[in-house]
There are 2 protein chains.
Amino acid sequence: MENLAEKKKAILESTLALVKVNGFHGTPMSMVAKKAGVAAGTIYHYFESKDSLIFELYSYLKQQAIQVVRESQKPDATYQERFFALWFAFYTYYTSNPSVLCFFEQFVNSPYAEKAKSIPSELDELLHAFFEEGINSGQLRPVAPQILSMLAHGNAISLAKVYGIGKLNLATADLELVVQILWDGMSQKTSEINS
Amino acid sequence: MENLAEKKKAILESTLALVKVNGFHGTPMSMVAKKAGVAAGTIYHYFESKDSLIFELYSYLKQQAIQVVRESQKPDATYQERFFALWFAFYTYYTSNPSVLCFFEQFVNSPYAEKAKSIPSELDELLHAFFEEGINSGQLRPVAPQILSMLAHGNAISLAKVYGIGKLNLATADLELVVQILWDGMSQKTSEINS
DNA sequence: CTGTCTTAATTGAATGTTCATTCGGGAGCA
DNA sequence: TGCTCCCGAATGAACATTCAATTAAGACAG
């Protein structure tokens, strides 16, 4: 599972790159094959169909994202530090892999997502637990963890998209400020002061 | 412009509905025609191609969104009140028109968006001005309006998606709290207290 | 009001292309 | 001999788009 056959990996990566440029549609198997340096038929040795290729790419990337999140967490850091690290992990992952962001966004807003919804997502559970911890330890406002998780993740995605547009220069200071905004909004401390 | 021919409108609305269910691809012209109650050829009387149908649908919906934003703004309300109203306008628009949200998200993450990027967006300008006002009047933190706008809009979208998943019951109180989180994070007041 | 002419709207079968998928076979290996 | 991996031409279905033909809608003269 970890060490995917070279060919299979090449097919996945090619698909990813092509979907960013040509879209979900507009990416024929023949093109994937060419880019991956294999014959069209070979793809069907590794994947049942185009659909299942898309699905596998999705879980392949999601696994990667989980890895990124995991690596960002230092167990001896404070909760707030881990919160910031989590946000930056997402932001960095998406900005340095724009095709991943693009693919995810296309996927979750397509009918494919419906079919994948049933599968419980390890990433969601991970985030859920993280935000639950923040609430239980009294550092985050008592909102459903699912909501907090969506807001934080969505926030990082939003900013990654701003970066992607490229019209704006995002200095590190800007990023810090945006996470700060997010943290300030979600933190219990702010809630108490403002009320 | 306002009173589009019935047929044309029917074609646009049918496309919207079908894209939500079948995706951007997976929605052949023949299907659009059938749903709209016209012949395939008729579509080409109103639209140059499938692509231009998609583009026109995009600006048609964007115009609608602008309308929604405009109507949410009462000139005699305080800035914070207008901020909340803006957020709720987006949230309500997206939750009561899930196919619009779905279409927008598919569109902006597809290669189509690249081609539409050049056109200056009235909606963006509107939001830009709104957030600039908040910054200039010292109520919002001094961050690029483009960023604030993206964060606020993205936040509303994130929550609309949570709603769309349907796993969670979102009471009005939850919504209030989420906007509050957003406002608290972006407001200058919070910034001063926390520093 | 009626008939004639003009233009716009509409149709849906026919066209040609694109593309996912198949399959018969070849190469390397045990 | 059997097995896995791989090839790429061939197949057939799906689809965007075209177009010749049909109908509706005005416009204007008598």
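The structure presented is a predicted model; accordingly, all values stated were derived computationally and were not measured. A note on names: the letters A, B, ... follow the listed sequences, proteins ahead of strands, and every chain is numbered from 1.
Checking dA16(D), dC6(D), dA20(C) against the side-chain heavy atoms of M29(B) singles out dA16(D) as nearest. When distances run from any side-chain atom of A39(B) to the nucleotides dT22(C), dG12(C), dC7(D), the shortest one goes to dG12(C). For K50(A), the listed nucleotide lying nearest its side chain is dA20(C); candidates were dC6(D), dA20(C), dT18(D). You'll find that the side chain of S49(A) is closest to dT21(C), out of dC19(C), dT18(D), dT21(C).
Between the side chains of T78(A) and Q80(A), no donor N or O sits under 3.5 Å from an acceptor N or O. No side-chain donor-acceptor contact under 3.5 Å links E56(A) and Y46(A).
Note on S30(A): every side-chain N or O is 4.0 Å or more away from OP1 and OP2 of dC19(C). Within the structure, a side-chain polar atom (N or O) of H45(B) is placed less than 4.0 Å from OP1 or OP2 of dA9(C). Remark: K7(B) is in phosphate contact with dT10(C), judged by side-chain N or O atoms under 4.0 Å from OP1 or OP2.
The nearest whole Å value for the distance from the CD1 atom in I11(B) to the P atom in dT10(C) is 8 Å. Between D51(A) atom CG and dA20(C) atom P the separation is 10 Å, expressed in whole Å. Rounded to whole Å, atom C1' of dT21(C) lies 17 Å from atom CE of M31(A). Distance, Y44(A) OH to dT11(D) C1': 13 Å, rounded to whole Å. Between the CD atom of E48(B) and the P atom of dA16(D) there is a distance of 16 Å, given to the nearest Å. In this structure, the CZ atom of F47(B) is 15 Å from the P atom of dA16(D), given to the nearest Å. The NZ-P distance, from K34(A) to dC6(D), rounds to 20 Å in whole Å. For I43(A) and dC19(C), the CD1 to C1' distance is 12 Å, given to the nearest whole Å.
Backbone-only contact: Y46(B) has heavy atoms under 4.0 Å from sugar-phosphate atoms and none from a base.
Ion pairing between E81(B) and K74(B) fails under the 4.0 Å rule for side-chain N and carboxylate O.
Between the side chain of D174(A) and the main chain of L170(A), no donor-acceptor pair closer than 3.5 Å is present.
Between Y79(B) and F130(B), the ring-plane angle classifies as parallel under the 30° and 60° cut-offs.
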